[in-house]
**Student:** 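Submitted below is the structure of interest, expressed as structure tokens.
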Amino acid sequence: MPPEGLDWLPKDTLLTDDELIRLVRIAVGLGVTEVRLTGGEPLLRRGVPDLVARMAALRPRPEISITTNGILLDRDAAGLAAAGLDRVNVSLDTLDPERFKRIAFRDKHAAVLAGLRAAQAAGLAPVKVNAVLLRGINDDEAPDLLGWALREGYQMRFIEQMPLDAQHGWDRAAMVTADEILEHLRAVYALAPVPDPDRGSAPAETWAVLDGPDRAGWAQDNPRVGVVGSVTRPFCADCDRVRLTADGQLRNCLFATTESDLRTAMRAGADDDELAGRFIASIAGKKAGHGIDGPDFQQPDRPMSAIGG
Ligand code: SF4
């Protein structure tokens, strides 16, 4: 997000709760087994626990998770868990409140920590923490973040920064790569790759943390760390995700430059079969990969904060 934020979408372009649930029901009917609520920041929307409860009532019941900046999670974690939320991913890039302010443009580090504790207390396990390392800002923090997560009982994941910033300022040469992250972690921790035949479309490569400082103080029996090499180790061949934006556009890839307008179709009276057909057509048109390394790569107009992770 740029410091000045982004314009809010006009309210009448946002899907209503009923419209959203209808599209999720159609997707579940087509075989979608997991629904993740992302954002922008999903907890800014009113009534998210109700939405979760309505999704949890669908059959077959999808797994339901949320990706959040964590700022409102202290308020919402218990209600979300009671409504049927299964898991939560919280973005936190630093342990230093001053750095947090610099990265997130707000003084909310303590609120995120409180949100994480609330999620854990509500039983939303495993609580996953996502960090993006930025060169010259927090790229020295990988071992500290992992040590903290091991002590607190959170599952730490490091994610390469992708060219989805609103300012279009991403610079591949400056990106902290998965290899670099692993090198920093290995300087402090003994890691072993976890062969995972069931990885499927999961984006993170998982490493077992065999040893490291303060081993006795770790809160996990089976400590793990994830590294998501979205750019340098792409997993597009296994990707089975599709994204529905808050304004009802279906995107078959984070980097898609076209969208399928389900909102307009739905409001023009499309029945469930027609909407299902649009889902199928969109997914069938999914490209083989993100093409970030290709000469024709075009950053999509929508930034990450308008697509969701
Ligand atoms: S296909 Fe698109 S959404 Fe899927 S992993 Fe690749 S870049 Fe991400």
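All ligand and atom numbering here is 1-based and tracks the order in the structure.
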**Student:** One thing to verify: whether Asp93 and Arg99 come together as a salt bridge, which I'm taking to mean a side-chain N less than 4.0 angstrom from a carboxylate O.
**Tutor:** no

**Student:** Which ligand 1 atoms does Phe235 reach within 4.0 Å, using its non-hydrogen atoms?
**Tutor:** 5 (S)

**Student:** Identify whether the distance between the nearest side-chain nitrogen and carboxylate oxygen of Glu160 and Arg233 falls below 4.0 Å.
**Tutor:** no

**Student:** Tell me, which protein residue and heavy-atom name are nearest atom 8 (Fe) of ligand 1, and how many Å apart are they?
**Tutor:** Leu254 CD1, 4.2 Å

**Student:** Show me which atoms of ligand 1 lie under 4.0 Å from any heavy atom of Phe255.
**Tutor:** 7 (S)

**Student:** Does any N, O or S atom in Cys253 come within less than 2.8 Å of atom 4 (Fe) of ligand 1?
**Tutor:** no

**Student:** Nearest heavy atom to atom 1 (S) of ligand 1: which of Ala237, Ala256, Ser230, Cys236 does it belong to?
**Tutor:** Cys236

**Student:** Under 3.5 Å, which donor-acceptor pairs do the side chains of residues 278-289 form with other protein atoms, sequence neighbours left out?
**Tutor:**
from, atom 1, to, atom 2, distance (Å)
Lys286, NZ, Arg241, O, 3.0
Lys286, NZ, Asn252, O, 2.6

**Student:** Pick one of side chain, backbone, both or neither for how Arg243 approaches ligand 1, counting any non-hydrogen atom pair under 4.0 Å.
**Tutor:** side chain

**Student:** What is the closest protein heavy atom to atom 7 (S) of ligand 1, and at what distance does it sit?
**Tutor:** His290 CB, 3.4 Å

**Student:** So do Thr94 and Arg102 actually touch side chain to side chain, heavy atoms under 4.5 Å?
**Tutor:** no

**Student:** Can a side-chain donor-acceptor contact be found between Thr67 and Arg36 if the only test is distance below 3.5 angstrom?
**Tutor:** yes

**Student:** Could you tell me whether atom 6 (Fe) of ligand 1 has an N, O or S atom of Cys239 under 2.8 Å away?
**Tutor:** no

**Student:** Given the rule in the side-chain hydrogen bond (donor to acceptor under 3.5 Å, both in side chains) test, do Thr68 and Glu41 qualify, once you have shown the distances and angles that lead to the verdict?
**Tutor:** CA-CA 6 Å; Thr68 168; Glu41 171 46 45; 2.9 Å; yes

